[in-house]
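In listed order, ligands and their atoms are each counted from 1.
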Amino acid sequence: MLAGSTPGTRYNLTLSGSSPRSMRHKAPPYMHDVLPVPPSVDAWLHTPRWRALERIFRDVCRLHGYREIRTPVMESTDLFARSVGAGTDIVSKEMFTFTDRGERSMTLRAEGTAPVVRAFLENGLASGGSMTKLYYIATIYRYEHGQRGRYREHQQTGIEALGGASPAVDAEVIALAVAFLTRLGIADVALRLNSVGCPTCRPGYLAALLAFAEKRLGLMSRDNRRRFEENPLRMLDSKDPDDHAALEGAPVLRSYLCAECGDHFTELRAHLDDLGIAYELDDRLVRGLDYYTRTAFEFVSPQLGAQDVIGGGGRYDGLIEQCGGPPTPGVGFGIGTERCLMVLDRLEASMMLEDERPIAYVISPGAATSRRAVAMVAELRRAGISAETDYLGRSIKAQMRTANKLGAQWAVILGEVELARNAAAVKNLRNSDEQREIPISGLVSFILDHLHNRVE
Ligand code: HAM
């Protein structure tokens, strides 16, 4: 339940006490504003960096044949409860769930895969016999208890490949993630790999794990004793050192795989070797969502503290059927935008940021010329030249300071003397060239010629 709300609450919006004008609001806890200028702490909360990351992700997806899907920010609660699993942390304690005005239980997107599967089925995106390869950039909501790298709103870049059972598809999904991280400049990541089997072989493993863990329950944390009852596989990835020690020598899932799961894993490893993608086998990697079958993987960065996983994914061959579709295999990943940008910040890596500086700043010395300035920025913008002017009636000196501060390339000064000759004074602020006079009728082509390096 959304904290502080009860089903069907109608909020009383009349304010008592302080006047509405004196109210200062804050962003919701563990959610962030992303700003046009980098904040002094958390410089990664800077929109140009987010756009650069998104641009690289879109380009890598295009190269691999994935197409964009966007789904609503909320879904019916049941979709997440059934697909992610009632016993998972996400469903049992982290969802932002509320009752809408039609008495439906709704949940803000708690992960990306189930909504994509729902949309795939609802819109008939299965393309007879071939695969459907989708990508998304989506905000995700989880009621976390606030740690660095663990927020209540975060963004994932993710892909889902639907309709392909071959381990070559798992390899493509992992290769796309590696290509994305490499293009971003995050080369120093470890890929951890495991197989979590399938409904044929997992029960045998779970029986062996439960028999082993039962004798050591007294040594384990309260959380792991609960997992023993509710979701035993998850005991394996407890971060508690006592749990770790208690499960030392526990049976290993990969030794219990059926022949098909075993072959799938062997072939995936061969593909990764062919692609030159290094990985570490991790017996305890089980992931926090119940839909996984066979392949499970995570990317871990040494640059992050406790929340060191920058992305993860795997195969989910039963999910589409479970969501009411025909048996259809699937595999994908989600990579956390915040964690990637935090790693890049630690690495002090420079990203290819879009140049947001205006090309022209039109300076108007007084009220008489300000109408001309407003018309001129409109004309420059129509020609595709980013342009700014002053709306505050400030001095030429102050306007020039702003032009420099914004990093404008050209100051276009509408001096009365020049205007009388239907001309403007133009100065390149990014080099030390002399100011020159240009006829207003030729201003657009003068700036465009310089932009496109047609003149010195
Ligand atoms: P997930 O492991 O829950 O997987 O999330 C993927 C990534 O999102 C994590 O590795 C982490 O980087 C980031 N992330 C998760 N929770 C938070 C948080 N509270 N704050 C900041 N970042 C976070 C999934 O959600 C699956 N749907 C991935 C997938 C797609 N599997 C198959 N297809």
Side-chain angles (χ1 to χ4, degrees), residues 28-32 34 42 44-45 53 57 66 69 71 75 79-80 83-85 88-91 93-96 108-118 120 133-162 164 169-170 172-174 176-177 180-181 184 186 189-192 196 234 237 285-301 303-320 329-344:
Y30 312 116
M31 298 192 187
H32 295 109
V34 185
D42 294 333
W44 51 274
L45 287 167
L53 177 144
F57 184 65
Y66 287 73
I69 185 162
T71 62
E75 298 279 347
L79 175 69
F80 296 113
S83 52
V84 177
T88 59
D89 285 355
I90 295 177
V91 172
K93 43 187 185 191
E94 294 173 357
M95 294 201 302
F96 276 87
L108 297 187
R109 182 168 40 222
E111 64 99 40
T113 310
V116 167
V117 165
R118 197 260 317 129
F120 167 80
K133 305 205 297 186
L134 302 168
Y135 81 83
Y136 49 89
I137 299 176
T139 43
I140 307 286
Y141 298 86
R142 295 183 187 169
Y143 203 91
E144 305 271 7
H145 289 285
Q147 281 175 46
R148 202 163 167 73
R150 198 169 263 281
Y151 304 115
R152 291 192 184 163
E153 179 185 68
H154 73 276
Q155 177 177 287
Q156 287 186 22
T157 50
I159 67 166
E160 311 297 348
L162 306 173
V169 185
D170 309 41
E172 179 181 272
V173 165
I174 292 173
L176 192 155
F180 172 50
L181 295 173
L184 274 180
I186 307 180
V189 282
L191 166 61
R192 295 198 183 143
V196 294
R234 294 276 298 151
D237 74 348
L285 175 65
V286 291
R287 309 267 304 128
L289 304 98
D290 283 355
Y291 49 59
Y292 290 114
T293 53
R294 297 189 169 168
T295 312
F297 60 88
E298 283 182 349
F299 292 94
V300 177
S301 165
Q303 300 297 326
L304 296 173
Q307 304 308 320
D308 59 357
V309 181
I310 58 175
R315 182 164 274 286
Y316 44 86
D317 288 345
L319 180 60
I320 296 175
V331 53
F333 69 70
I335 291 181
T337 298
E338 290 79 356
R339 293 189 193 175
C340 284
L341 293 177
M342 285 164 83
V343 169
L344 289 169

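Taking atom 26 (C) of ligand 1 as the reference point, the nearest protein heavy-atom neighbour is Y291 OH, 3.5 Å. Scanning all protein heavy atoms for the shortest distance to atom 33 (N) of ligand 1 gives E160 OE1, 2.9 Å. In terms of protein heavy atoms, atom 9 (C) of ligand 1 is closest to V309 O, 4.1 Å. At the top of the distance list for atom 21 (C) of ligand 1, counting protein heavy atoms only, stands G149 O, 3.2 Å. Looking at atom 7 (C) of ligand 1, its nearest protein heavy atom turns out to be G334 O, 3.6 Å.
Ligand 1 has at least one atom lying under 4.0 Å from a heavy atom of Y292. Note on ligand 1: G158 sits outside its first shell, no heavy atom being nearer than 4.0 Å. Using a 4.0 angstrom heavy-atom cutoff, R142 counts as in contact with ligand 1.
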Would E172 and Y66 count as a side-chain contact (heavy atoms from CB on, under 4.5 Å) here? Give the steps. CA-CA 11 Å; E172 179 181 272; Y66 287 73; 2.7 Å; yes
Hey, mind stepping through Y30 and E144 against side-chain contact (heavy atoms from CB on, under 4.5 Å) and telling me if it holds? CA-CA 8 Å; Y30 312 116; E144 305 271 7; over 6 Å; no
Show your reasoning for whether side-chain contact (heavy atoms from CB on, under 4.5 Å) applies to S83 and V117. CA-CA 10 Å; S83 52; V117 165; over 6 Å; no
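At a cut-off of 3.5 Å, with distance as the only test, no side-chain donor of Y136 or T71 sits close to an acceptor on the other residue. Counted by atom type alone, Q156 and H154 present one or more donor-acceptor pairs between their side chains at under 3.5 Å. No side-chain N or O of Q303 forms a donor-acceptor pair with one of S301 less than 3.5 Å apart.
Cation-pi geometry between R152 and Y143 is met: under 6.0 angstrom from the ring centre, within 45 degrees of the axis.
Considering backbone and side-chain atoms alike, E111 places an N or O below 3.5 Å from some N or O of ligand 1. For ligand 1, none of its N or O atoms has an N or O atom of L289 under 3.5 Å away. Polar contact with ligand 1: absent for Y136 (N/O pair, distance under 3.5 Å). For ligand 1, the polar-atom distance check against I310 finds a nitrogen or oxygen pair separated by under 3.5 Å.
Shortest non-hydrogen contact noted between E160 and G332 is OE1-CA, 3.5 Å. Smallest separation of non-hydrogen atoms from I310 and V343: CG2-CG2, 4.1 Å.
Within the listing of ligand 1, atoms 18 (C), 19 (N), 20 (N) sit less than 4.0 angstrom from a heavy atom of R150. Annotation for ligand 1: atoms under 4.0 Å from non-hydrogen atoms of G311 are 10 (O), 12 (O). Heavy-atom contacts of G312 reach the following atoms of ligand 1: 10 (O), 28 (C), 29 (C) (cutoff under 4.0 Å). Of all atoms in ligand 1, numbered sequentially from 1 with element shown, those under 4.0 Å from a heavy atom of G313 are 31 (N). For ligand 1, the atoms closer than 4.0 angstrom to any heavy atom of E144 are 19 (N). Those atoms of ligand 1 that come under 4.0 Å of a heavy atom in Y151, given as number and element, are 18 (C), 19 (N), 20 (N), 21 (C).
Remark: of the listed residues K93, E153, E94, E94 is the sole one forming a side chain to side chain contact (heavy atoms under 4.5 Å, CB included) with R142.
Proximity of K133 to V173: side-chain heavy atoms (C-beta onward) are nowhere separated by under 4.5 Å. Residues R234 and D89 meet the side-chain proximity criterion, which asks for heavy atoms closer than 4.5 Å.
Counting heavy atoms under 4.0 Å from ligand 1, residue R287 touches it through the side chain alone. At a heavy-atom distance under 4.0 Å, no atom of E338 approaches ligand 1.
Between the side chain of T157 and the backbone N or O of F57 there is no donor-acceptor pair closer than 3.5 Å.
One option in M342, Q156, H154 has a heavy atom closer to atom 5 (O) of ligand 1 than any other, and that option is Q156.
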